[in-house]
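Each residue takes its place number in the sequence, starting with 1. All heavy atoms count here, side chains included; hydrogens, waters and symmetry mates do not.
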Amino acid sequence: SLADAAISDAGSGVDAASRDDAWIAPTACPVSGIADATYGLDTGAFPTDGHPDVAVHVPDGYDACAPAGVVVFFHGFRNCVANVIGTSPTECTPGAGARSAFALADQLDAAGVNAILVAVELRYDEATSDPGALAERGRLHALLDELYEVHLSPLLGRPTRIDDVDHVVLASHSGGYVALARCLTGGGLTVHEVELFDSLYGELATYRDWIDTNLLAFDASAADPRRFALVFTDGGGTASQSRALGDDVEAWLAMRGDPTSFLFDETTATLEPPA
């Protein structure tokens, strides 16, 4: 196992009876200077299509020995993971034109959080919301576990599995909403935050149910708090469902006597820090 290999490489002489303790023992945290990379995975959404299954950004100073998170991002139509995490638009398919880049790696760095960004490849540079194997129960857990155990553990200063991660954020842009919905309900992970970026084209019942089920946890003082954020545009086709969901959540929280946990803003002004 990776745990055994790490112990052996360190020359620690830890015997088999102590290996479970060695698995969680800090070794060389934190880490810096890890280059952004793409990886092929047996457990990807489309693992046999010849393209990388994930793109990963590990921010400088990431500490796998401290409470840590993962931000899992699902891209929209006509895009690919290596492009969306970058700053400048690039082509996914040669000759097909540059695709929108979202500077996700830079945004994660600016946020200053102890989390890794994992952009999951869906249909490569196609106009479809097909979630592929992510529709299978437990598939997201398997994907992330393979990524952490096989590819990231040698880089992070300690053997790490997805179950060692404390905070899980699922985010999607545009057509990535179907994959996010499948992973939210059957991905095999406890999800702490959901972020939809002009992405509520459907699956409204899925997102309503997740919010309703976790309603008492939408409070910063909760023992294990949840968060849901949605950004929509008037012209993108997500406005009506986004407003409907906002109305529902506002009413639910008002009935709970907690209107302060809800923010709905239809201006284009930058929010002030308290908001």
Side-chain angles (χ1 to χ4, degrees), residues 34-59 69-108 115-153 155 162 165 168-189 191 194-199 201-203:
I34 298 176
D36 293 353
T38 58
Y39 300 100
L41 301 171
D42 293 337
T43 52
F46 298 96
T48 61
D49 70 354
H51 299 290
D53 295 292
V54 293
V56 178
H57 173 71
V58 180
V70 62
V71 179
V72 182
F73 184 86
F74 304 97
H75 67 75
F77 284 13
R78 296 188 178 90
N79 222 320
C80 58
V81 292
N83 178 67
V84 296
I85 72 169
T87 304
S88 301
T90 61
E91 289 189 328
C92 294
T93 304
R99 304 310 191 195
S100 297
F102 298 109
L104 298 179
D106 289 348
Q107 292 191 60
L108 188 75
I116 290 176
L117 168 67
V118 179
V120 176
E121 191 65 81
L122 301 176
R123 281 293 187 188
Y124 188 89
D125 206 21
E126 292 185 23
T128 174
S129 293
D130 184 359
L134 291 174
E136 299 173 5
R137 185 159 296 276
R139 184 70 172 208
L140 181 62
H141 185 282
L143 182 156
L144 292 171
D145 220 30
E146 181 185 356
L147 173 65
Y148 273 84
E149 286 199 74
V150 176
H151 298 287
L152 297 185
S153 282
L155 306 175
I162 187 56
V165 174
V168 176
V169 180
L170 302 186
S172 69
H173 171 243
S174 189
Y177 71 97
V178 176
L180 196 162
R182 297 294 172 271
C183 293
L184 185 63
T185 56
L189 295 169
V191 177
V194 172
E195 315 280 351
L196 299 178
F197 299 102
D198 213 18
S199 198
Y201 287 97
E203 299 290 338

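- In this structure, Y177 and Y201 have tilted ring planes: the angle between them lies in the 30° to 60° band.
- D130 contributes no side-chain N or O that, together with a main-chain N or O of R123, makes up a donor-acceptor pair within less than 3.5 Å.
- Within the 3.5 Å criterion, the main-chain N or O of D42 finds a donor-acceptor partner in the side chain of E146.
- Not a single donor-acceptor pair under 3.5 Å links the side chain of E121 to the backbone N or O of V54.
- Panel note: side chain D145, backbone I162; a donor-acceptor pair is recorded below 3.5 Å.
- Of the inter-residue distances, the one linking C80 atom SG with E91 atom CD reads 10.0 Å to the nearest 0.5 angstrom.
- Here H173 and F74 keep their ring centres 6.0 angstrom or further from each other.
- Within the 4.5 Å cutoff, side-chain heavy atoms of I116 are placed close to those of L152.
- Residue V72 forms a side chain to side chain contact (heavy atoms under 4.5 Å, CB included) with just one option from L170, V191, L189, and that option is L170.
- By the 4.5 Å heavy-atom criterion applied to side chains, L104 and F73 are counted as neighbours.
- When the options L134, L41, D53 are evaluated for a side chain to side chain contact (heavy atoms under 4.5 Å, CB included) with V120, the one that passes is L134.
- Looking only at side-chain heavy atoms (C-beta outward), L117 and I85 come within less than 4.5 Å of each other.
- Taking 4.5 Å as the limit, every side-chain heavy atom of E136 sits out of range of all side-chain heavy atoms of R182.
- Judged by distance alone, the side chain of S174 and the main-chain N or O of G76 form no donor-acceptor pair under 3.5 Å.
- Remark: aromatic rings of H151 and Y39 are close, center separation under 6.0 Å.
- Between the side chain of N83 and the backbone N or O of R99, at least one donor-acceptor pair lies under 3.5 Å.
- In this structure a side-chain-to-backbone donor-acceptor pair under 3.5 Å is present from R139 to T43.
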